Amino acid sequence: MEGTQMSPEEMEQRRNMVLQMCVCPSCPSWVECGEKGGYCFPTIGKSGCITEEKGCTCPGCPATAKMGLKHTYFCTKGSEMEQSSA
Ligand code: SF4
Ligand code: SF4
């Protein structure tokens, strides 16, 4: 997977880019608990507070287009990398 070949600096840059694009806070499943979203990203992964799947706005998120994400519900099911290897 692409994430494993990146330097720590690149990973951090990419992580910040994903967090800026993330539309999770406007999702029906969102629970406010101080998290910033970006659950699709390998070093973020599942939410510690979202457990109920009430809809997912990931398909309309710029990160989905930009990174070619194939999955949804990253907050409950894990990052793109996690779900791809499951
Ligand atoms: S794809 Fe989903 S989890 Fe990833 S940044 Fe966008 S809204 Fe957040
Ligand atoms: S990962 Fe999907 S379901 Fe979870 S909060 Fe983000 S948009 Fe909503």
Side-chain angles (χ1 to χ4, degrees):
M1 284 294 291
E2 53 177 2
T4 54
Q5 298 138 359
M6 272 187 266
S7 70
E9 291 77 22
E10 284 170 319
M11 280 294 274
E12 179 66 18
Q13 274 178 8
R14 193 116 176 183
R15 183 178 177 276
N16 290 337
M17 186 188 79
V18 166
L19 286 172
Q20 273 172 14
M21 291 188 283
C22 188
V23 296
C24 286
S26 64
C27 166
S29 302
W30 179 255
V31 175
E32 189 54 63
C33 67
E35 293 180 349
K36 295 187 175 78
Y39 307 115
C40 56
F41 202 69
T43 59
I44 300 178
K46 276 181 201 165
S47 166
C49 62
I50 301 170
T51 55
E52 278 187 73
E53 298 178 351
K54 301 177 183 170
C56 179
T57 52
C58 288
C61 172
T64 290
K66 187 137 185 149
M67 306 201 297
L69 303 179
K70 304 211 172 2
H71 298 88
T72 54
Y73 285 111
F74 303 106
C75 59
T76 53
K77 294 186 169 33
S79 69
E80 175 75 6
M81 205 180 277
E82 247 184 295
Q83 293 195 56
S84 299
S85 61

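We count ligands from 1, going down the list as the structure has it; atoms in each ligand are counted the same way. Worth saying up front: this structure is predicted, and the values here are computed from it rather than measured.
- Contact check for Val18 versus Ile44: no side-chain heavy atoms found under the 4.5 Å cut-off.
- Under a 4.0 angstrom heavy-atom cut-off, Thr57 registers as being in contact with ligand 2.
- Those atoms of ligand 1 with a heavy atom of Cys22 less than 4.0 angstrom away are 5 (S), 7 (S), 8 (Fe).
- Which parts of ligand 2 touch Tyr73 is read off a 4.0 Å heavy-atom cut-off, strictly below it: atoms 3 (S).
- More than 12 heavy atoms of other shown residues, nucleotides or ligands fall within 6.0 angstrom of atom CD in Glu32.
- Cys56 lies close to atom 2 (Fe) of ligand 2, since one of its N, O or S atoms is found at a distance under 2.8 Å.
- Tyr73 has its side chain within reach of Ser29: a pair of non-hydrogen atoms, C-beta onward, lies under 4.5 Å apart.
- When the SG-SG distance for Cys24 and Cys75 is compared with the 2.5 Å cut-off, it comes out at or above that value.
- By the criterion of a heavy-atom distance under 4.0 Å, neither the backbone nor the side chain of Leu19 is placed next to ligand 1.
- Per-residue contacts place Phe74 under 4.0 angstrom from the following atoms of ligand 2 (heavy atoms of the residue considered): 1 (S).
- Here is the list of ligand 1 atoms found below 4.0 Å of a heavy atom in Thr64: 1 (S).
- Under a 3.5 Å cut-off, the side chain of Glu80 and the backbone N or O of Thr64 do not form any donor-acceptor pair.
- Put simply, the side chain of Cys40 does not reach to within 4.5 Å of the side chain of Thr72, judged on heavy atoms.
- For atom 4 (Fe) of ligand 1, the closest non-hydrogen atom on the protein side is Cys40 SG, 2.4 Å.
- Protein heavy atom closest to atom 2 (Fe) of ligand 1, with residue, atom name and distance, is Cys58 SG, 2.3 Å.
- Summary of contacts: the protein heavy atom closest to atom 8 (Fe) of ligand 2 is Cys27 SG, 2.3 Å.
- Residue Gly37 places no heavy atom under 4.0 Å from ligand 2.
- Against a heavy-atom cut-off of under 4.0 Å, Cys24 is close to the following atoms of ligand 2: 1 (S), 5 (S), 6 (Fe), 7 (S).
- Of the candidates Glu53, Glu82, His71, Glu53 is the only one forming a side chain to side chain contact (heavy atoms under 4.5 Å, CB included) with Lys77.
- The closest non-hydrogen atom to atom 7 (S) of ligand 1, taken over Leu69, Thr72, Val23, Val18, comes from Val23.
- Hydrophobic clustering of Ile, Leu, Val, Met, Phe, Trp and Tyr side chains at less than 4.5 Å, counting indirect connections, keeps Val23 apart from Tyr39.
- Ligand 2 lies less than 4.0 angstrom from a heavy atom belonging to Gly55.
- Among the atoms of Cys75, an N, O or S atom falls under 2.8 Å from atom 4 (Fe) of ligand 2.
- In summary, no N, O or S atom of Cys61 is located under 2.8 Å from atom 6 (Fe) of ligand 2.
- Hydrophobic clustering of Ile, Leu, Val, Met, Phe, Trp and Tyr side chains at less than 4.5 Å, counting indirect connections, unites Leu19 with Ile50.
- Thr76 places no side-chain N or O within donor-acceptor distance of the main-chain N or O of Thr51, the cut-off being under 3.5 Å.
- Counting atoms of ligand 1 from 1 in the listed order, those under 4.0 Å from a heavy atom of Tyr39 are 3 (S).
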Under the disulfide bond (SG atoms under 2.5 Å apart) rule, what do Cys33 and Cys49 come out as? Steps first, then yes or no, please. CA-CA 7 Å; Cys33 67; Cys49 62; 2.1 Å; yes

